[in-house]
2 protein chains.
Amino acid sequence: MRTDTVYKKAFNRAANMLRDGQLAGELPSENELRRRMCVSRTTVRKVLRELVHRELITERHGLRSTGRPVSDNDYYPDAETTPRAKHVEQQFMEWMLRGDTRPGTSINELELARQFGVATNGIREFLIRFSRFGLIEKRPNTGWLFKGFTEDFALELFEIRVMFELRSAHLFSLQPDRSPLWSKLAALKTAHADLLERIESRFHDFSGLDNRFHRLINEASPNRFIDDLYDIITFIFHYHYQWNKQDEKQRNLAAIHEHIAYIDALESRNSTRVEVACRAHLASARKTLMRSLTRFDETSINA
Amino acid sequence: MRTDTVYKKAFNRAANMLRDGQLAGELPSENELRRRMCVSRTTVRKVLRELVHRELITERHGLRSTGRPVSDNDYYPDAETTPRAKHVEQQFMEWMLRGDTRPGTSINELELARQFGVATNGIREFLIRFSRFGLIEKRPNTGWLFKGFTEDFALELFEIRVMFELRSAHLFSLQPDRSPLWSKLAALKTAHADLLERIESRFHDFSGLDNRFHRLINEASPNRFIDDLYDIITFIFHYHYQWNKQDEKQRNLAAIHEHIAYIDALESRNSTRVEVACRAHLASARKTLMRSLTRFDETSINA
DNA sequence: AGCATGAACTTTATCCATAAAAAACAACTT
DNA sequence: AAGTTGTTTTTTATGGATAAAGTTCATGCT
């Protein structure tokens, strides 16, 4: 059966809004709520029905207003707000990156389905989606081949990344002064400086910033294929570093400094400087990844 | 129910082998056949059973030998030798490229499933696979958005293609003289010259040659992400030009000459020459595509 | 032991069913 | 007329079933 994660997530959001006082007094119309929560009115109505049922809101001659205060255990647990497909993704990535899955292993849809507790259909859809990341390959009528999250993979990925980023950075620096992206860049620079101040406690925040930064660079000259590659990078890094936290603070600190230098170079509009800063940053990112890869391999082997 | 296209295709191949005399006299073992036909032994046995049943081969105390001659209507029709997934692909591409499907149209899985006569699952799997081509986009819980086979798409694709090809061509030309790829290149050059001789009748053969050529260039410095882009290009061009045959001979003739110039440049190992020839060829390919796109639009509008 | 066939078992490709979510339609209200 | 809410219809997300194809095990023959 289809999961009702959309409803549950919407319910939790609504509960949050009630708690924050965003919905104090008389509630907005179903349509208005629908817009704010980005779900269909059908779902909004389901949420409202449940809110009434739990007396979190009251309804009197068609007028809805806030009811009793929201308590912590009114919320649905997080796991129930994530669709199956996402769970499959998470479990698969863990299986692949954490387990002792060696390059050359063949992937069995049925086995994964059993292991993850879903129908084979979901596994298959995930694998098809995932195959564009270049880590697995389909052999018709037979199964999938895991090619491995290897050094080769990382090298190939970074080779393309460098090409793309140099191109985008160059085009970014050629923008007219009046382009609104310059002020966005300045804002990002400030954000970097701020993070630097609070690095001790907030170093996890870097990955969000990193994303925004690299996506901003691409915004000056959009190209869907470049965006795609960046999706891959984001995805891979997200999961890889999620289980690989050695030196995280150190790593991020270095990267912040590189970013700032890179931003300065962009602002200088000097193409040589841009190239140097861009290459320096990517070289360092690659080195970090490679180091974590080999170390990762060792721990796997010894596990 | 799963289609038995694997069996039918294998059967046709076996029939062909019988007809060609490749299996004259006593037949090889099941395992040997399995290897030759690239299917499982289970399928081989099914084929053999049917061949016996139709008296195309005879079996006597476990010894199989050829039987009556193969007739034209022993073959299964082509349509029955293609798996559903492939049919979906073909029908979808036709729907997209030939119909009046405008950018911004939303794609309905259920409707396509009905239209193509398959289960929604097959449609969905195809769409997921196809989404990496950058022409459609998924909006969760809602459907797919067709972004259009537009000029923008072609421009973005070619921008990347140029970057990749310049990089690969450059690296190709840096190979040591003893690399075996040089002789492969020479062979391809001859093939081009041959095709030029028989261009009047054989101009369709160009696309195969084109593929081999560009893939060869990439072989010198493999990168899976570059191969991926080339898959996209191959796929798109295949379908686009399948229904868009204007000036085909003309187009291919020009391209052959460009390829030859490009090969000469590579053989000269002179990087400036390589770059010039490569750019010239890709610029021309882009122009051709763009022209066919606009013309294509017009015919669609008037259709 | 090594290869051939036969039989049993496992996995993939494909269809179908259904609850959840979205969209469309209808009827009211201001 | 535009925005509400109530109702119905359509579509997506997900599970389940099964024939075809692949793989493994068993048996027998040189």
Side-chain angles (χ1 to χ4, degrees), chain A residues 1-10 27-34 37-49 59 61-64 83-88 106-114 117-128 138-144, chain B residues 1-10 27-34 37-49 59 61-64 83-88 106-114 117-128 138-144:
Chain A
M1 194 209 320
R2 185 176 179 168
T3 56
D4 55 357
T5 53
V6 173
Y7 152 71
K8 284 178 175 163
K9 188 172 246 161
L27 269 73
S29 79
E30 293 174 358
N31 266 313
E32 175 57 25
L33 283 170
R34 184 187 87 70
M37 318 217 297
C38 302
V39 294
S40 74
R41 195 160 68 84
T42 307
T43 301
V44 167
R45 301 188 96 223
K46 197 170 167 187
V47 169
L48 288 172
R49 202 159 1 115
E59 198 168 26
H61 355 92
L63 266 180
R64 281 179 283 256
R84 280 291 143 75
K86 189 76 184 172
H87 279 139
V88 169
S106 69
I107 297 171
N108 184 311
E109 293 177 3
L110 197 56
E111 189 186 316
L112 286 184
R114 279 189 294 246
V118 297
T120 51
N121 249 314
I123 300 289
R124 178 186 276 247
E125 283 177 17
F126 171 76
L127 292 173
I128 296 173
K138 185 168 171 53
R139 288 167 309 176
N141 301 314
T142 301
W144 299 78
Chain B
M1 196 209 320
R2 183 175 181 169
T3 56
D4 55 358
T5 53
V6 172
Y7 153 70
K8 284 177 176 164
K9 187 172 247 161
L27 269 74
S29 80
E30 293 175 357
N31 266 316
E32 175 58 24
L33 284 170
R34 184 187 87 71
M37 319 220 295
C38 301
V39 293
S40 74
R41 194 160 68 85
T42 307
T43 301
V44 167
R45 301 185 98 222
K46 197 169 168 187
V47 168
L48 288 171
R49 201 159 3 115
E59 199 167 28
H61 352 92
L63 267 181
R64 282 179 282 256
R84 279 292 145 75
K86 189 77 184 172
H87 279 139
V88 169
S106 67
I107 295 171
N108 184 312
E109 293 176 3
L110 197 57
E111 189 186 316
L112 287 183
R114 280 189 295 246
V118 297
T120 51
N121 247 312
I123 299 289
R124 177 187 278 246
E125 283 177 15
F126 171 77
L127 292 174
I128 296 173
K138 182 163 173 55
R139 288 167 309 175
N141 303 314
T142 301
W144 298 80

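Just so it is clear: chains get the letters A, B, ... in the order the sequence lines come, proteins before strands, and each one is counted from 1.
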Expressed in angstrom and rounded to an integer, what is the separation of B/Leu112 atom CG from D/dT10 atom C1'?
15 Å

Consider only side-chain N and O atoms of B/Asn141 and A/Arg2, and report whether a donor and an acceptor are under 3.5 Å apart.
yes

Verify side chain to side chain contact (heavy atoms under 4.5 Å, CB included) between B/Leu48 and B/Leu27, making sure each step is shown before the conclusion.
CA-CA 10 Å; B/Leu48 288 171; B/Leu27 269 74; 4.2 Å; yes

Give me the atom names and distance for the closest heavy-atom approach of A/Arg84 to A/Val118.
CD-CG1, 3.8 Å

Mind listing the closest non-hydrogen atom pair of B/Arg139 and B/Ser106 along with its distance?
NH2-CB, 3.5 Å

Contact class for B/Lys138 vs. all strands (heavy atom < 4.0 Å): base, sugar-phosphate, or nothing?
sugar-phosphate

Does anyone know the first and last nucleotide of DNA chain C in reach of chain A, 5' to 3', at under 4.0 angstrom to a heavy atom?
C/dT11 to C/dA24

Measure the distance from CD on A/Glu32 to P on D/dT5 and round it to the nearest whole Å.
11 Å

About how many Å separate CG of B/Leu33 and OG1 of B/Thr43, when rounded to the nearest 0.5 Å?
12.0 Å

Quick one: on DNA chain C, does B/Arg64 or B/Pro83 contact a more 5' nucleotide (nearest heavy atom)?
B/Arg64

Please name the pair of heavy atoms, one in A/Glu30 and one in A/Val44, separated by the smallest distance, quoted to 0.1 Å.
O-CG1, 4.0 Å

DNA chain C: 5'-proximal contact among A/Glu111 and B/Gly122 (nearest heavy atom):
A/Glu111

Under the salt bridge (charged side-chain N to carboxylate O under 4.0 Å, His left out) test against B/Glu59, which residue among B/Arg64, B/Arg49, B/Arg45 passes?
B/Arg64

Atom-to-atom span, NE2 of A/His87 to C1' of D/dT14 - whole angstrom
14 Å

Classify B/Asn121 by what it touches in the nucleic acid, base, sugar-phosphate, or nothing, heavy-atom distance under 4.0 Å.
base

Heavy-atom protein contacts under 4.0 Å, nucleotides 19-30 of chain D, coded B base, S sugar-phosphate only, - none
BBSBBB------

Quick one, A/Arg124 with B/Asn121, criterion side chain to side chain contact (heavy atoms under 4.5 Å, CB included). Give me CA distance, side-chain angles, the key distance, then yes/no.
CA-CA 11 Å; A/Arg124 178 186 276 247; B/Asn121 247 312; over 6 Å; no

For atom CG of B/Asn108 and atom P of D/dT9, their distance in whole Å:
17 Å

When rounded to whole Å, the CD1 to P distance for the pair A/Ile123 and D/dA13 reads 17 Å

Atom NZ of A/Lys86 and atom P of D/dT12 are separated, to the nearest Å, by 21 Å

Tell me the closest heavy-atom pair linking A/Val39 and A/Arg34, and the distance in Å.
O-CG, 2.7 Å

Would you mind classifying the nucleic acid contact of A/Arg139 as base, sugar-phosphate or nothing, using non-hydrogen atoms under 4.0 angstrom?
nothing

Both B/Glu109 and A/Arg45 contact DNA chain D. Which one's nearest nucleotide lies toward the 5' end?
A/Arg45

